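Down below is the structure, laid out as structure tokens.
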Amino acid sequence: MERIENSAAEAVQTDSVSGIVETLIYQNEENGYTVCEIEDTAGNPVTVCGIIPYLTEGDRITVRGSWVTHPTYGRQFKAESFDKTLPAEEGDILRYLASGAVKGVGPKTAQKIVETFGTDSFDVISNHPDWLAELPGITRKKADAISENFNAISGARSVMMFCRDFFTPQTAMRIYKKWGGAAVDRIRQNPYRLCESFTGISFRRADQIAMSLGLDASSEERLLHGAVYVLRNEAVRSGHTCLPYGDLIRCTLDLLFGDAATPENARSVADAVDRGIADLKLIPYNPAGGDGTSYVFDARYYNAETYTAKKLAELNRTCPRISRADVVRLIEKSEVQSAVVYARAQKEALLSALEEGVMILTGGPGTGKTTVIKGLISIFSSLDMDIVLAAPTGRAAKRMSEATSWEAKTIHRLLEMDFGGEGEGDGLPDDARFMRDEANPLDADALIIDEASMIDVTLMESLLRATKRGARLVLIGDADQLPSVGAGNVLGDLIASGKFATVRLTEIFRQAGESLIIENAHRINEGVMPVLDRVDADFFFLRRQTEEGIRDTVCDLVANRLPRSYGEDFRKRIQVLTPSRKGLSGTDSLNAALQSLLNPPSPGKAERKSRDRVFRVGDRVMQTKNNYQTEWRTDMGEEGMGVYNGDIGTVTGFDESENLMEVRFDDRICSLDFSQLDELDHAWAVTVHKSQGSEYPCVVIPLYDCAPVLLSRNLLYTAVTRAAKMVILVGKQAVLEKMVENDRHQLRCTMLREFLETV
């Protein structure tokens, strides 16, 4: 018997029905959503809908859930959990096989099998295909194919049954879709792979499964997996690529034993970490000239940082050199052709990019970085060099294209994501890899990468693996912004190493200087209070003293005051950027308030509840996880795959029969399975961290008391520089002053700088 349960659903179940499946009305093979008609024990027809994967006519099922009334199809039973058994009577077995449930078995073949083997038919198909081959019309090849398909279906059932006590049917379906019939073996071998491979499966849930399978709480295997999880979780949560040995032991002990930890537990964790180091599952590192602290890496990040250091040094060393006289002549020619006179620092940047293999250009808004990019394109083109422009996010790439009139791609698209193989510890899903790598490098002679502060160390490694020997690499970014969301501090470490030509643009050009946004951004970056008293400018500060006052003013600005002053369409151009998710002015509270004001429920507006939030047609939403396998299409017929952390879109519709929600991310239209909704948040308000690489016409920033680590200068600077036309600060002057004064950066534990200095 197969039993799939959703514990949350069971708590509110109101009824159950049992019977034999008479008709399959609809079945989605991708997500298991099914609509069927069963004949209950009283002989009455009942329409059942819900996640009931691999259901076939003739199955006997018991479904738990509740009665609902569909506006079109009438009264239905909505399944939250079910039991299912294969038919046991000859007549039911015949009906099951004749339905086409097993590929290669039609009504006539089903009749032969049941007449010959009776109630043993399923056992024969599964275990004795050679007996099937003795029947007229069934070759050995066909018999093997029938047996293989039947066992595949049984494998799916085994996965669903194994997962019944731990996961919802939707999650069990995701596991089966990714790992197939081998899922149970994979989970038994290493339950901890679940939290590494599936969004929404926590370490504690994987640990619970491991305990249920008999793994001892003090086993070396559990302790080592806990240490690996701590390293990977700190990479995701705080951006660290490694941890001091002592911190790793302490954090692992707290994760696995909490307040019940003993000195013996601590010794056992240390022994497990030492064994992981001996087996090369963990990598130790002792910086030369350090204070004696030993650091520990997960191999993924050690390999990423060491490879990045070596490849950058190689690019700088092997790049074809151009004489200084020729470089000067090329710059002068570019000035004539472009009718531009480059400033001193801009010329220095162009010189360095032409003379060096790796060049870094940094500077704040309005300092002319785009002018340098255009100059590089002009000069590289005159040398018949193959040029590639790229950025970490779709929005940043789009802005780069618009500013330069040259195609720019996301780095992921440039490297050509592919599925179907096994990943290699590169931070991608198990079945994903980049097609462009050392064996298949990019043809580009020059790569110009914008928003480089957003590039984490695993993405930089992948980009460098695809960069051919002798190519030039130009990295452009604002070193004073927040570091990447992912692990590492790539741009900061490269600059700090002093190994590569680095040019910092500081001069604000006349047109940019007319913007108070740009003037104030530079003042904030220098630790000087911004100008707040100009009434005819593009930068405003509305003082509010209470949490409620800040929240209410932000909501009123977005919903009423700004649209009233600048037109209804202006509302679409406003983005609220807040330091934190928590508090009355955090994203959670503001999004709930703004949804009720801007997109309230109405009878004709479809919606879907997921977790503690409701998604509704018209909602602004943000993707919060990289999902490389989400398919998209455009209005022009272009197709592709992948939506990424930070992508913002709008909910445009629902298809309840397919269990899908449609979201438009700029020009990409995606149909997201309901199981993917835990990867979305509402996005009228987003955290400053999530806004990196984006630009919005109008930015509203609430300033309120929250975690001290978030009240920093570079967070405020990053928020202000996201705005193109208008900034409105709302909140406490004391908080603003604290942020401007606080130049403390949340340090990331990385070793790229050390590796660069010793390569």
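None of the values given here were measured: they were computed from a predicted structure.
The shortest side-chain heavy-atom distance between Arg551 and Thr546 does not fall under the 4.5 Å cut-off. With a 4.5 Å cut-off on side-chain heavy atoms, Val720 and Ile524 count as touching. Put simply, the side chain of Lys725 does not reach to within 4.5 Å of the side chain of Ile517, judged on heavy atoms. Within the 4.5 Å cutoff, the side chain of Leu505 has no heavy atoms near those of the Thr362 side chain. Val485 places none of its side-chain heavy atoms less than 4.5 Å from the side chain of Met454. Residues Pro579 and Tyr704 meet the side-chain proximity criterion, which asks for heavy atoms closer than 4.5 Å. With a 4.5 Å cut-off on side-chain heavy atoms, Phe540 and Leu729 do not count as touching. A heavy-atom distance below 4.5 Å is not found between the side chains of Thr652 and Met661.
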Checklist entry - What's the verdict on side-chain contact (heavy atoms from CB on, under 4.5 Å) for Leu736 and Phe541, showing C-alpha distance, side-chain angles and the deciding distance? => result CA-CA 10 Å; Leu736 174 60; Phe541 181 38; 4.3 Å; yes
Item to check | Evaluation steps, side chain to side chain donor-acceptor pair (under 3.5 Å), between Arg544 and Gln733 | outcome: CA-CA 8 Å; Arg544 299 292 184 273; Gln733 178 145 347; over 6 Å; no
Next on the checklist: Assess the residue pair Ile574 and Tyr696 against the criterion (side-chain contact (heavy atoms from CB on, under 4.5 Å)); give the C-alpha distance rounded to whole Å, side-chain angles, the decisive distance to 0.1 Å, and a yes or no.
Outcome noted: CA-CA 7 Å; Ile574 305 167; Tyr696 313 97; over 6 Å; no
Next on the checklist: Would Val617 and Phe654 count as a side-chain contact (heavy atoms from CB on, under 4.5 Å) here? Give the steps.
Outcome noted: CA-CA 8 Å; Val617 170; Phe654 291 87; 3.8 Å; yes
Checklist entry - Between Arg395 and Asp647, does a salt bridge (Lys or Arg N to Asp or Glu O under 4.0 Å) hold up when you go through it step by step? => result CA-CA 8 Å; Arg395 290 198 168 205; Asp647 285 352; over 6 Å; no
Item to check | Trace of the side-chain contact (heavy atoms from CB on, under 4.5 Å) decision for Ile701 with Val730 | outcome: CA-CA 6 Å; Ile701 307 169; Val730 181; over 6 Å; no
Checklist entry - Would Thr718 and Gln692 count as a side chain to side chain donor-acceptor pair (under 3.5 Å) if you check the C-alpha gap in whole Å, the side-chain angles of each, and the deciding distance to 0.1 Å? => result CA-CA 7 Å; Thr718 300; Gln692 289 174 259; over 6 Å; no
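Comment: Glu568 engages Arg571 in a salt bridge, judged by a side-chain N to carboxylate O separation of less than 4.0 angstrom. Classification of Arg204 and Asp207 as a salt-bridged pair fails, no side-chain N sitting under 4.0 Å from a carboxylate O. Salt-bridge formation is detected for the pair Arg237/Glu234: a Lys NZ or Arg NE/NH1/NH2 atom is positioned less than 4.0 Å from an Asp or Glu carboxylate oxygen. Ionic pairing of Arg504 and Asp480 is present here: one or more N-O contacts between side-chain nitrogen and carboxylate oxygen are shorter than 4.0 angstrom. With respect to Lys732 and Asp705, a salt bridge is recorded, a charged nitrogen being found less than 4.0 Å from a carboxylate O. Checked for salt-bridge contact, Glu638 and Arg413 meet the test: a charged N lies under 4.0 Å from a carboxylate O. Ion pair Asp450/Lys369 not flagged as a salt bridge, since none of the NZ, NE, NH1 or NH2 atoms sits closer than 4.0 Å to an Asp/Glu carboxylate oxygen. In this structure, Glu519 pairs ionically with Arg534, as a charged nitrogen and a carboxylate oxygen lie closer than 4.0 Å.
A side-chain N or O of Gln595 and one of Asp619 form a donor-acceptor pair less than 3.5 Å apart. A donor-acceptor contact closer than 3.5 angstrom is absent between the side chains of Ser66 and Asp15. If you check the side chains of Thr750 and Asp493, you find a donor sitting under 3.5 Å from an acceptor. Side-chain atoms of Tyr717 and Asp478 include a donor-acceptor pair closer than 3.5 Å. A side-chain donor from one of Thr630 and Gln676 sits under 3.5 Å from a side-chain acceptor of the other.
The distance from the CG atom of Leu577 to the NE2 atom of His689 is 12.0 Å, given to the nearest 0.5 Å. Taken from OG in Ser712 to CG in Leu482, the straight-line distance is 6.0 Å, to the nearest 0.5 Å. Here Leu243 contributes atom CG and Arg250 contributes atom CZ; the two are 9.0 Å apart, rounded to the nearest 0.5 Å.
No option in Arg633, Arg608, Arg668 other than Arg633 meets the salt bridge (Lys or Arg N to Asp or Glu O under 4.0 Å) test with Glu662.
Aromatic pair Phe615/His682: ring centres closer than 6.0 Å.
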